[in-house]
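Written below as structure tokens is the structure these notes are about.
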Protein chains: 2
Amino acid sequence: MKKMPLSVFDTDHHVGDTMVTAADYQLEDQVGFIMRCVNQRHLSIFSRLIPELTPTQFSALAKLCATGQASQNELGRMIAIDAATIKGVVDRLKHRGLISSESQPSDLRRLILKPTEEGRQLFHQISAAARQVSEDTLKPLSEKEKHVFMNLLDKLR
Amino acid sequence: MKKMPLSVFDTDHHVGDTMVTAADYQLEDQVGFIMRCVNQRHLSIFSRLIPELTPTQFSALAKLCATGQASQNELGRMIAIDAATIKGVVDRLKHRGLISSESQPSDLRRLILKPTEEGRQLFHQISAAARQVSEDTLKPLSEKEKHVFMNLLDKLR
DNA sequence: CACAAACTGTTAGTACACAAACTAATTTGC
DNA sequence: GCAAATTAGTTTGTGTACTAACAGTTTGTG
């Protein structure tokens, strides 16, 4: 289904009393809608290859392993997660013993986060799978298409 | 702070026992990560132009206006939302008087959903803004790039 | 006909994601 | 030097989104 040529988008609208019709808005052609679908597929690939963590949790752990340490808000900013959300993510990672936190003496507002040894080990264990997730997600595209797509996607950031 | 050049990304890793290091995984180059960022931007555009509804609620209403009616699960399937999630979406739309539901006599399991007159009016009112959302989201791309991007995105669905 | 299989809707549980409102600590600007 | 602004973290509330488990209902097949 949905294989009708785009050049034709159904012209059989217009009833007479209103000029706006349902037919001139095609939900399944909208960026947001397709992105949500693509994201669903990506999520399913991710949870299959990396059942231990959610994408968000992995992002946080990966960034923390890369930087060594960061405050909670700082970590959120680095991976584009707002303050209210990062709290829950950090709590869950902390609860599982993958990261540790202690308040910073020079600024008592700050919580310094660091990956634990167990956290680092887990990250190293699954980082190969993480690369595979990206590869699998882009699998429907040719090498050239992948490059073009990533380039355009980056422009929409 | 954190303004150290990326070209240097901490090379002081490597402990000796494993070959996998932190530096060879660049979070911000991964499809999933960038898609989440693009989605954030899209969401902010959407809620600015259409503060009345969330993208999911709008999808449901739009599809229901396009088809006239559908059962709850059916509606979910049409817009790629699972049964548990669509229930909440439908409940909220119903609560706001935008759609109505009645059980289908010929199959007592089914709830037949229809947009109310108010729901149809709202949809028609905001459908122009909805098109604008897509346009604004893709604004960073040229006409040619938009076409290429949508084509590739569709392949990843 | 009977009964297993499939389907519809519901609930509970987990996990983002963001807005708004709040406290506490620090930095700034006059 | 001190009020104002900013920053860090927390809490609450709303809205997706998916999994798993469950109760009715319908249907296909033996």
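All chains are named by letter (A, B, ...) in the order of the sequence lines, taking the proteins before the strands, and each is independently numbered beginning at 1. Source: prediction; values computed, not measured.
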Q. B:Phe149: what forms a ring-ring contact (aromatic ring centres under 6.0 Å, His included) with it, not counting sequence neighbours?
A. A:Phe149

Q. Contacts to DNA chain D from residues 35-45 of chain A, heavy-atom cutoff under 4.0 Å, which residues?
A. A:Arg36, A:Gln40

**Q.** Sidechain-backbone polar pair: A:Gln132 side chain, A:Ala128 backbone, donor-acceptor under 3.5 Å
**A.** no

Q) Which residues satisfy the side chain to side chain donor-acceptor pair (under 3.5 Å) test with A:Lys155, sequence neighbours excluded? A) B:Glu145

Q: Taking salt bridge (Lys or Arg N to Asp or Glu O under 4.0 Å) as the test, write out the residues that go with A:Arg157, two or more places apart.
A: A:Asp154

Q: List in chain and number order the residues that pass salt bridge (Lys or Arg N to Asp or Glu O under 4.0 Å) with B:Glu52, two or more places apart in sequence or in another chain; answer none if no residue qualifies.
A: none

Q | Salt bridge present between A:Lys63 and B:Glu28 (N-O < 4.0 angstrom) | A | yes

Q | For B:Phe46, ring-ring contact (aromatic ring centres under 6.0 Å, His included) partners two or more places apart | A | none

Q) Checking A:Arg41 side chain against B:Leu156 main chain: does a donor-acceptor pair fall under 3.5 Å? A) yes

(Q) With heavy-atom distances below 4.5 Å as the criterion, would you say the side chains of B:Leu53 and B:Leu98 are in contact? (A) yes

Q) Do any of residues 47-61 of chain A sit with a heavy atom less than 4.0 Å from DNA chain C, and if so which? A) A:Thr54, A:Thr56, A:Gln57

Q: Compare the minimum distances between each of C:dT26, D:dC18, C:dC18 and the side chain of B:Asp82, then state the nucleotide with the smallest one.
A: D:dC18

**Q.** Stems formed with participation of DNA chain D [Watson-Crick or G-U wobble, under 3.5 Å, three or more pairs]
**A.** C:1-30 with D:1-30

Q: Produce a footprint string for nucleotides 2-14 of chain D: one letter per nucleotide, 5' end first; B if the base is under 4.0 Å from any protein heavy atom, S if only the sugar-phosphate is, - if neither.
A: -----BBBBB---

Q | Those residues that, when tested against B:Ser44, pass side chain to side chain contact (heavy atoms under 4.5 Å, CB included) (two or more places apart) | A | none

Q) How does the hydrophobic cluster around B:Leu43 look, that is, which other residues are in it when side-chain heavy atoms under 4.5 Å mark a link? A) none

Donor-acceptor pairs under 3.5 Å, side chain of residues 55-62 of chain A to any protein atom, not counting sequence neighbours: which ones?
from, atom 1, to, atom 2, distance (Å)
A:Gln57, OE1, A:Thr54, N, 3.2
A:Ser59, OG, A:Pro55, O, 3.1

